[in-house]
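Given the structure is predicted, the values throughout are model-derived calculations rather than measurements. Per chain, numbering begins at 1; letters A, B, ... match sequence-line order.
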Protein chains: 4
Amino acid sequence: MLARARARYLLLMEASHSTFKQDGGASASRTFTEAARRAQIVGAAIEVIAESGYAKASFTRIAKQAGLSSTGMISYHFSGKDDLMREVVGEVLRVADAYMRPRIEAQATASGRLRAYIESNIALLKEFPNHLPAMVEVFGNLRGEDPSLREFAAAMEAVVDLQVERMREAQEAGEFGEFDPRVMVMAIRGAIDGLVTRAAKDPRIDPDVCGRELADLFERATRKADR
Amino acid sequence: MLARARARYLLLMEASHSTFKQDGGASASRTFTEAARRAQIVGAAIEVIAESGYAKASFTRIAKQAGLSSTGMISYHFSGKDDLMREVVGEVLRVADAYMRPRIEAQATASGRLRAYIESNIALLKEFPNHLPAMVEVFGNLRGEDPSLREFAAAMEAVVDLQVERMREAQEAGEFGEFDPRVMVMAIRGAIDGLVTRAAKDPRIDPDVCGRELADLFERATRKADR
Amino acid sequence: MLARARARYLLLMEASHSTFKQDGGASASRTFTEAARRAQIVGAAIEVIAESGYAKASFTRIAKQAGLSSTGMISYHFSGKDDLMREVVGEVLRVADAYMRPRIEAQATASGRLRAYIESNIALLKEFPNHLPAMVEVFGNLRGEDPSLREFAAAMEAVVDLQVERMREAQEAGEFGEFDPRVMVMAIRGAIDGLVTRAAKDPRIDPDVCGRELADLFERATRKADR
Amino acid sequence: MLARARARYLLLMEASHSTFKQDGGASASRTFTEAARRAQIVGAAIEVIAESGYAKASFTRIAKQAGLSSTGMISYHFSGKDDLMREVVGEVLRVADAYMRPRIEAQATASGRLRAYIESNIALLKEFPNHLPAMVEVFGNLRGEDPSLREFAAAMEAVVDLQVERMREAQEAGEFGEFDPRVMVMAIRGAIDGLVTRAAKDPRIDPDVCGRELADLFERATRKADR
DNA sequence: CATGAATGAGGCTTCATTCAT
DNA sequence: GATGAATGAAGCCTCATTCAT
């Protein structure tokens with residue numbers, strides 16, 4: 001039990017089960033075709049956001065990308081733009097969780113999990129080239145105006161706090177060197193996000209190489225000094 | 001000459017002299033009041049962008065922030081929104097250059113300049129709390145649609161390329177360890193930008209501490225292995 | 001025959017038997033469940049209109065109020081919004097007729113019938129708090145664009161004409177004083193409708209007291225001068 | 001002073017000076033042409049509302065009526081539909097005040113002022129055939145959702161309360177008979193509004209005759225019994 | 001130089017209605 | 001009979017931009 005808890009201690013979306021659960025927990029009350037349409041629209045939104053950016057991701061563009069005849073269709077399936085964006089993030093987190101979690105939990109050491117976290121996160125770029133860029137766009141443009149989005153942002157904050165706590169534990173266990181764990185978490189997140197953003201535009205970037213390099217980088221940065 | 005060139009080799013805005021020069025090189029033909037008006041509008045834009053984000057930074061809001069009665073004023077002084085945004089970036093780059101360059105050039109070693117680059121960049125948050133967040137917002141939302149912006153983005157690419165080249169030279173000179181210099185540059189940029197974004201919203205973050213921690217982090221990441 | 005005709009001479013919905021008969025005369029061809037569904041929808045419409053006003057009474061709101069899952073249900077049972085609104089008025093008129101007619105016909109004098117008309121009309125507010133407000137809302141917002149509604153409005157006009165005629169007869173019979181019977185009818189209608197509208201929003205208003213006061217008022221207004 | 005205060009004691013818009021003052025008190029900060037445009041739009045809105053009803057009075061129709069090219073123009077001059085409707089009511093009240101006040105204040109007795117109130121109110125229909133119908137439409141469709149409109153409705157309530165108070169004073173002074181003054185005020189208002197609504201659609205109605213008849217009616221209704 | 005009124009496109013949303021299942 | 005997904009029009013509003021003054 002303890003082992004399993006520690007095994008996933010760096011997973012980005014650890015806290016997501018309560019907040020970002022599939023369809024926000026309302027999936028039971030949705031028809032099959034309704035769920036399919038929502039998924040289709042969310043997919044189109046991810047493509048548009050990744051390609052054209054958050055600002056240009058209007059309902060009109062998303063509807064066109066999804067092959068829908070009108071924007072009314074989107075408003076019919078989502079209660080508003082915030083709702084759609086929440087679902088976009090939820091979809092990305094679900095995909096990322098499914099991909100990253102087993103790879104992280106397979107590692108036995110803290111540094112192994114850190115490497116798995118970084119490499120599997122960036123490896124997602126090959127499997128789902130639009131998912132992470134879209135999420136970075138959405139988060140970059142979210143302000144805490146709407147109450148529902150405020151709760152959303154708070155959940156993401158909680159994830160960061162958890163990661164910081166896990167990293168501190170690894171330090172105390174002697175697996176990492178001395179450093180401010182919060183700054184380290186922010187640096188990792190920022191480095192990954194920056195790389196994701198660039199990779200979305202620059203096809204020359206090879207995710208495999210970059211992932212490994214980035215993992216090496218942060219392994220050196222977290223290593224104990226005397227080694 | 002060589003010394004001077006090396007002295008600024010990590011400076012973000014090294015290449016800006018051609019592209020982002022004050023008023024795009026048209027300053028000679030501008031009157032004093034015109035320049036003042038432009039500066040006033042750019043300042044207001046920076047405040048609005050930093051506070052409300054790129055999406056909400058409409059001419060209407062910027063005009064209100066600047067104390068102008070109409071948006072026509074902005075269109076009168078700028079050829080369009082892209083023009084204003086370019087000027088916003090230019091202003092930030094100019095301020096950052098003035099602040100960072102002497103601190104970087106004062107260092108004699110590559111690692112010293114890297115530390116000065118990171119620390120002085122983050123220190124800017126205290127002196128100009130809105131400048132860097134605004135620039136990160138603008139860059140995050142710029143797409144290369146407009147030809148004028150395409151050239152803009154290309155210039156920024158050139159800066160990155162230059163930084164990569166300088167870092168490679170330092171590696172060859174034995175001052176840094178082995179790593180992919182491009183990934184390193186992207187990681188540094190991403191980590192700083194991520195921290196800037198967070199600092200803009202979270203007042204608990206102390207730029208001084210974070211800057212030093214981040215510099216330590218990347219010092220370990222770039223250090224030669226045998227040390 | 002004459003007695004019976006005179007007995008109901010102030011009844012608002014006298015002419016309704018031809019125009020507003022249950023289900024517009026098509027009831028024979030309707031199944032039981034169909035009629036029940038229509039009644040359910042009409043009831044929900046009355047509640048929504050009374051509470052939120054005509055403008056906000058969309059099919060969506062009415063369906064929600066009726067516990068229906070989609071607006072298609074309403075369009076399926078009614079040929080359009082006009083049809084539904086006609087049925088709303090019909091339902092109110094039917095209820096009002098059932099309540100008011102016996103009370104009016106029980107009176108032997110013109111002034112007695114006038115009082116019974118006013119008091120029983122307002123007393124309806126206690127028994128069916130939403131019916132009259134809903135009808136006032138509908139009538140206030142109906143324009144004679146649609147041919148079917150034009151006929152509808154004409155029928156209501158005919159009722160007014162009939163009331164005017166009955167009132168003139170009472171004047172000639174020496175039961176009322178001298179006044180323009182059409183203005184009197186309009187004033188009575190307007191006073192009642194205004195009170196109904198207010199009572200729908202202001203719970204302090206006591207229908208019993210107001211009904212008696214209003215009847216007193218118009219008794220004085222219609223009384224012969226020499227009394 | 002007392003005489004003057006009592007002289008206008010039945011005036012509908014007595015309390016309007018604080019709430020409905022010209023342009024809501026912001027007129028000083030408005031350009032001449034801006035004020036003209038606003039007046040033009042308000043006028044067009046009054047025409048459309050009077051003719052087609054509140055529900056059909058969309059910005060599109062109002063813009064067309066005003067000869068404007070787009071609805072954006074209306075949004076440019078008014079902060080929203082509520083703002084426009086408030087101005088519509090304000091305009092009607094201003095016109096009504098200018099017309100009715102001197103006619104009411106010219107009367108020395110309570111019954112004279114009541115008659116002047118009713119007759120001058122209805123006489124407005126000839127001078128401004130659309131004003132009163134439009135106001136009745138707006139008030140009939142207003143719900144207290146918006147806070148700014150809630151305050152608006154409260155102001156109208158205060159006017160009614162004032163009229164009730166004045167009427168009670170006249171009763172105590174022996175100028176009127178015994179009746180519930182609140183019901184009387186509501187009946188007068190309802191009768192006038194009903195007549196206004198009908199007159200807007202039925203050209204056969206002669207305001208002069210109706211006004212005199214209605215004044216006669218309420219004179220009898222308010223007269224002391226022993227006369 | 002500066003103003004602010006005007007424009008037209010586009011944004012999100014809601015509406016009544018239709019239709020395949 | 002009943003459902004709910006789909007449609008297209010229309011609603012209000014905000015945007016960047018232009019132009020006469």
Side-chain angles (χ1 to χ4, degrees), chain A residues 30-38 40 55-63 67-84, chain B residues 30-34 36-37 55-63 68-84, chain C residues 30-34 36-37 55-63 68-84, chain D residues 30-38 40 55-63 67-84:
Chain A
R30 288 218 174 83
T31 317
F32 172 75
T33 74
E34 155 106 49
R37 264 275 178 268
R38 281 176 68 97
Q40 176 196 9
K56 299 285 181 61
S58 66
F59 276 15
T60 302
R61 283 191 184 217
I62 294 171
L68 301 175
S69 63
S70 82
T71 72
M73 198 70 264
I74 300 179
S75 287
Y76 177 76
H77 286 289
F78 295 87
S79 74
K81 197 167 192 180
D82 293 344
D83 188 25
L84 174 56
Chain B
R30 291 217 172 83
T31 67
F32 173 75
T33 72
E34 155 100 43
R37 270 268 181 270
K56 299 283 183 61
S58 67
F59 277 14
T60 302
R61 285 191 185 219
I62 294 170
L68 301 174
S69 58
S70 96
T71 70
M73 190 78 266
I74 300 178
S75 288
Y76 178 76
H77 285 289
F78 296 87
S79 74
K81 196 168 192 181
D82 294 343
D83 188 24
L84 172 56
Chain C
R30 290 218 174 82
T31 68
F32 173 74
T33 71
E34 156 100 42
R37 269 268 181 271
K56 298 284 183 61
S58 66
F59 277 15
T60 302
R61 284 192 184 218
I62 294 170
L68 300 175
S69 57
S70 97
T71 70
M73 191 79 264
I74 301 178
S75 287
Y76 177 76
H77 285 289
F78 296 86
S79 74
K81 196 167 191 181
D82 293 344
D83 188 24
L84 172 57
Chain D
R30 289 219 173 81
T31 317
F32 172 76
T33 74
E34 154 108 47
R37 265 273 179 269
R38 281 177 69 97
Q40 175 197 11
K56 299 285 182 60
S58 67
F59 276 16
T60 302
R61 282 192 185 217
I62 295 171
L68 300 174
S69 63
S70 81
T71 72
M73 198 69 263
I74 300 179
S75 288
Y76 176 75
H77 285 289
F78 295 87
S79 73
K81 197 166 192 181
D82 293 345
D83 189 25
L84 173 56

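Atom-to-atom, CD1 of D/Ile74 to P of E/dA6 comes out at 12 Å; the value is rounded to the nearest Å. The CD1-P distance, from B/Ile62 to F/dT14, rounds to 17 Å in whole Å. For the pair D/Gln40 CD and E/dA5 C1', the computed distance is 12 Å after rounding to whole Å.
Remark: F/dA6 base-pairs with E/dT17; criterion is Watson-Crick or G-U wobble with both hydrogen-bond distances under 3.5 Å. Nucleotide E/dG11 forms a pair with F/dC12, judged by Watson-Crick or G-U wobble geometry with both contacts under 3.5 Å.
Between the CD atom in A/Glu34 and the OH atom in A/Tyr76 there is a gap of 7.0 Å [rounded to 0.5 Å]. One distance of note links CD1 of C/Ile62 with CE of C/Met73; it measures 14.0 Å at 0.5 Å rounding. Note that CZ of B/Arg61 and OG1 of B/Thr71 are 14.5 Å apart. Values are rounded to the nearest 0.5 Å. The CG atom of C/Leu68 sits 8.0 Å away from the NE2 atom of C/His77 when rounded to the nearest 0.5 Å.
Residues B/Gly80 and B/Phe59 share a closest heavy-atom pair of C-CZ, 4.2 Å.
Considering only the side chain of D/Glu34, E/dA5 comes nearest among E/dA2, E/dG8, E/dA5. The side chain of D/His77 lies closest to E/dA6, out of F/dA2, F/dA6, E/dA6.
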Check nucleotides 15-18 of chain F against the protein and report each pair of N or O atoms closer than 3.5 Å, with its distance, or say if there are none.
unit_1	atom_1	unit_2	atom_2	d
F/dC15	OP1	B/Ser58	OG	3.2
F/dA16	OP1	B/Lys81	NZ	2.6
F/dA16	OP2	B/Phe59	N	2.7
F/dT17	OP2	B/Lys81	N	3.1
F/dT17	O4	B/Thr71	OG1	3.2

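Proximity of D/Asp83 to D/Arg38: side-chain heavy atoms (C-beta onward) are separated by under 4.5 Å at one or more points.
For F/dA5, the OP1/OP2 oxygens have no side-chain nitrogen or oxygen of A/Arg37 closer than 4.0 Å.
Base contact: C/Ser70 has a heavy atom under 4.0 Å from a base atom.
Both D/Phe78 and A/Leu68 lie close to DNA chain F; mapped to their nearest nucleotides by heavy-atom distance, the more 5′-ward contact belongs to A/Leu68.
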